[in-house]
Amino acid sequence: MRYESTRGGLKGISAAEAIKTGIAPDGGLFVPMDKVTVDIDFIKGLTGNTYQERAMKILSLFLTDYKPEELLDCINSAYDEQFSNKDVAPVVRVHEKLHMLELWHGPTCAFKDMALQILPHFLVKAIQKTGEQDEIVILVATSGDTGKAALEGFADVDGTRIIVYYPNGGVSDIQKLQMVTQKGKNTNVIAVNGNFDDTQNGVKKIFTDASIRKALQQKGLKFSSANSINWGRLVPQIVYYFSAYAELIKEGSIQPGEKINFVVPTGNFGNILAAWYAKDMGLPVNRLICASNSNNVLTDFIIGGVYDKKRDFYKTISPSMDILISSNLERLLYELSGKNADMVHNWMKELAKKGSYHVDNKTRALIQEVFWGGYSDDKETLASIHSVYEDCGYVMDPHTAVAMDVYDKYVIKTGDLSQTVIVSTASPFKFNASVAKALLDGKAGGKTEFELLPMLSEYTGWNIPEALKGLERKDIVHRTVCEKDGMTEALVKLLKLDAIE
Ligand SMILES: *Cc1c(COP(=O)(O)O)cnc(C)c1O
């Protein structure tokens, strides 16, 4: 399989090159050049497999330049006992027609582990395969979830170092402690006195600073990125859609070939795009339901064909979906426009220049054929957590609850009662302040997130994930703080780079 840029500037590179490079030099994203298809026998065959075996079958269709033993090594290093559930991504039935695909049994209790546990291994092998000698330095700006997942993924992976910047005071207590207690000789965490935008801009500045690049080169170091536009983060996410389908066949909820819906709580459009690739390959999917919070730019886009980021930005109780530019949408537009790189390039130019773009009617119709968009505000999200617990005994985190609320709206609007899988993206214990607010009727007020963990556990009978237990008693190993204008300086000091101007 060869890869090309969505903006037409580069074609024919290997998966290893695409993963090593991350973003294409023309600003586009890498996509596979050929369509991959599987038949129903392939899908039926997955029912007898473990998650790791399913991953092997699907990843080898896309990462054709990786040898089978290399892929196996990546898979076994990623999906190991760090996942607290042996099925890795179990499917839990909520009621007769509705199932939860739980993607949060990894070390950070949120779905980004599904990709960030394996990406470092893809990357290290990509470096070796492309003859690179340098050590890789991963820089991450995080608003909470990505930073910890990347730290866990890269910790003690040979040939890499990871540096995570987070906004001081801008992440939850649990998220902060998860990061500053991170072990691993190659890990670094820096608090920035600024907000998330300052932090992200600072990292972008470092990435594009020629003098820093030169200083790195002299030390045998090279930057790379672990953000969600890397193909190496997207491709592992295709696996769990097939895995969920195979589980439903196995438990007798569906017949092989029966079309099902997936509801995906969406921010950067990575997770739901992986679902689209699964459908494009031949997975029997009826609708992909794109669930947003009050930052509902995607809902409007799916309905009207206009992507307009010029709107108020809301801080919500599902913070990992507080996004106004869904970068991975570019890949869908490329595929649905018949791989029309010029058209995609123009839309992206308009987005950068005017803050909006308008797709043609044909592309809009193709989007609506597959996708249904809806959103849930904070009040509705909390109500959904409450009612689903009361009715079904299932405890949802706020991101998952956004999906549930949008699913309810979908059923009311369409009457479609196909078997449906809700993609559950975080443990309720990770975002417990909101969950406790929804379930504990005022008894949560004034409590810290750590005091709420046992309260929630006692109330629901659900176990606190090992990864969050005793977090407040773990040693703090990262204490570096810098000003928002001092992010470069902090990096120079950390990597002991020679003086730069
Ligand atoms: C990142 C994240 C999302 C959004 O996923 P995208 O791939 O960005 O659409 C949803 N829920 C949680 C808990 C997340 O961490």
Side-chain angles (χ1 to χ4, degrees), residues 29 89 100-117 119 140-153 166 171-172 174-175 178-179 196 226-238 240-241 262-278 288-299 301-302 316-332 371 373 375-376 381 385 396-406 422-435 465 467-468:
L29 310 188
M100 287 283 175
L101 168 59
E102 294 182 346
L103 300 180
W104 40 263
H105 294 282
T108 78
C109 305
F111 105 98
K112 290 189 175 60
D113 289 331
M114 298 304 298
L116 276 166
Q117 279 296 309
L119 175 74
V140 178
T142 187
S143 59
D145 270 359
T146 306
K148 173 62 180 177
L151 285 164
E152 276 289 346
Y166 72 93
V171 301
S172 79
I174 285 186
Q175 287 173 325
Q178 278 189 315
M179 290 191 276
F196 177 58
N227 69 24
S228 81
I229 53 178
N230 193 313
W231 179 252
R233 266 187 73 174
L234 202 91
V235 70
Q237 299 182 350
I238 298 173
Y240 49 72
Y241 289 99
F262 286 101
V263 193
V264 188
T266 302
N268 212 9
F269 209 75
N271 202 353
I272 197 166
L273 182 73
W276 182 85
Y277 273 107
L288 297 176
I289 297 158
C290 177
S292 303
N293 61 26
S294 291
N295 297 294
N296 58 358
V297 58
L298 284 167
T299 312
F301 175 69
I302 291 169
T316 73
I317 59 169
S318 46
S320 301
M321 296 156 64
D322 290 347
I323 282 178
L324 290 180
I325 299 186
S326 300
S327 318
N328 267 301
L329 187 60
E330 179 167 348
R331 283 188 166 112
L332 181 76
F371 292 89
Y375 75 99
S376 173
T381 305
I385 295 174
M396 298 185 295
D397 103 288
H399 303 80
T400 309
V402 165
M404 178 63 91
D405 185 49
V406 170
I422 294 200
V423 177
S424 176
T425 52
S427 158
F429 290 98
K430 183 157 192 186
F431 296 92
N432 63 23
S434 302
V435 179
L468 299 180

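Order of listing sets the numbers, starting from 1, for every ligand and every atom in it.
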*asked:* Counting only nitrogen or oxygen atoms and a 3.5 angstrom limit, does M321 reach ligand 1?
replied: no
*With atoms numbered from 1 as shown, which atoms in ligand 1 lie under 4.0 angstrom from a non-hydrogen atom of D145?*
13 (C), 14 (C), 15 (O)
*asked:* Treating N328 as the side-chain partner and S228 as the backbone partner, does any N or O pair qualify as donor plus acceptor under 3.5 Å?
replied: yes
*Take the angle between the ring planes of Y277 and W231 and call it parallel below 30°, perpendicular above 60°, tilted in between.*
perpendicular
*asked:* Students should be able to answer this: which protein heavy-atom is nearest to atom 8 (O) of ligand 1, and at what distance?
replied: N268 N, 2.7 Å
*Can you list the ligand 1 atoms lying under 4.0 Å from a non-hydrogen atom of P265?*
4 (C), 10 (C)
*Heavy-atom contacts with A426 under 4.0 Å: which atoms of ligand 1 show up? List them by number with element.*
13 (C)
*Nearest-neighbour protein heavy atom for atom 7 (O) of ligand 1, which is reported as residue plus atom name and distance*: N271 N, 2.9 Å
*With rounding to the nearest 0.5 Å, note down the distance linking CG in N432 to OG in S172.*
8.5 Å
*Tell me: protein heavy atom nearest atom 4 (C) of ligand 1, and distance?*
G267 N, 3.6 Å
*N or O pair under 3.5 Å between G270 and ligand 1*: yes
*Where is the tightest heavy-atom contact between P107 and A467, given as atom of each residue plus distance?*
O-CB, 3.3 Å
*Can a non-hydrogen atom of S228 be found less than 4.0 Å from any atom of ligand 1?*
no
*For atom 11 (N) of ligand 1, which protein heavy atom lies nearest, and how many Å away is it?*
T425 OG1, 2.9 Å
_Nearest 0.5 Å, please: how far is CD1 in I317 from CD1 in I385?_
5.5 Å
*Measure the NE2-CG distance between H399 and L103 for me, rounded to the nearest 0.5 Å.*
13.0 Å
*When you measure from the side chain of S376 to the backbone N and O of N293, does any donor-acceptor pair fall under 3.5 Å?*
no
*asked:* Considering non-hydrogen atoms of the protein only, which is the closest contact for atom 14 (C) of ligand 1, and what is the distance?
replied: K112 NZ, 2.8 Å
*Pairs satisfying salt bridge (Lys or Arg N to Asp or Glu O under 4.0 Å), at least one member in residues 140-153, at least two apart*: D145-K430, K148-E152
*Which value, rounded to the nearest 0.5 Å, describes the distance between I238 atom CD1 and N271 atom CG?*
11.0 Å
_Those atoms of ligand 1 less than 4.0 Å from some heavy atom in T266_ = 9 (O)
_Suppose we measure from atom 5 (O) of ligand 1 to each protein heavy atom; which comes out shortest, and what is that distance?_
F111 CE2, 3.5 Å
